[in-house]
Amino acid sequence: KRPFQGIPGIARTPGGRLWATWYGGGDDEGPDNYVMLASSADDGRTWSQVSVVADPAGPVRNYDPVVWVDPSGRLWWFYAQSYKWWDGRAGVWAVTTENGDSAKPTWSGPRRLADGIMMNKPTVLKNGDWLFPIAMWKEEPKTDLPPTDRKAVPPAQNKWRAESVGTHVYVSRDEGRTLTLRGTARFPDLQFD
């Protein structure tokens, strides 16, 4: 039932439960995509069925998920969300749980952290700062395609700005409650970073 799947990730909670994430839905990258989680309590020998799904209504794509355990042991699930395939802005969303060792943890509501896409885990520095690698793709959304095309974005939904393109580093000094842009790297001929 999921002919298209991609971008897997895995994390281990302090008690040893593995959480795997990936996305699927539809037959390619596009608005039918959603993100999933499954877990294992026996080092990956057996896995639960998909136990959590983030799939918003309408032509909204959820993709490129990441799972991460922060220094306090809290489990984070990040994913990108965009109108259709790519609306020029997307957004990094996160849900968290304090009890990631449970087969059925209690999750927070989803929270938007920043514009862009984050495909890698945060890095925690010695001083306690958390660094979030978040990209804004170079590709401008397609506004001249037939409306049924998975990459077609109505002009009103095109959020792309050339000055936003790049590989950004955001910092949090309050354990992920707020993020501030620390710096940006721009490279020639970059498409997906």
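Residues: numbered from 1 along the sequence shown. All values derive from a computational prediction rather than experimental measurement.
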Report yes if the side chains of R112 and Q81 come closer than 4.5 Å at any heavy-atom pair, otherwise no. no

Between R12 and D43, is there a salt bridge with N-O shorter than 4.0 Å? yes

Is a salt bridge present between R150 and D28, judged by a nitrogen-to-oxygen distance below 4.0 Å? yes

Classify the angle between the aromatic ring planes of W130 and W76 as parallel (below 30°), tilted (30 to 60°) or perpendicular (above 60°). perpendicular

Output yes when a side-chain donor or acceptor of W19 lies under 3.5 Å from a complementary backbone atom of G100, and no otherwise. yes

Ion pair D129/R173, N-O distance below 4.0 Å: yes

Regarding R89 and Y83, do their side chains bring together a donor and an acceptor under 3.5 Å, going by distance alone? no

Applying side chain to side chain contact (heavy atoms under 4.5 Å, CB included) between D64 and each of N120, I117, V92, report the one that passes. I117

Keeping the roles fixed (side chain from N33, backbone from G30), state whether a donor-acceptor pair exists under 3.5 Å. yes

Do E29 and K151 meet the salt-bridge criterion of a basic N to acidic O distance under 4.0 Å? no

Aromatic plane relationship, Y63 with W137 - under 30° parallel, 30 to 60° tilted, over 60° perpendicular: tilted

Please check this pair: side chain of N99 against backbone of T106, looking for a donor-acceptor N/O pair closer than 3.5 Å. yes

What is the ring orientation for F132 with F78, classed by angle as parallel under 30°, tilted 30 to 60°, or perpendicular over 60°? perpendicular

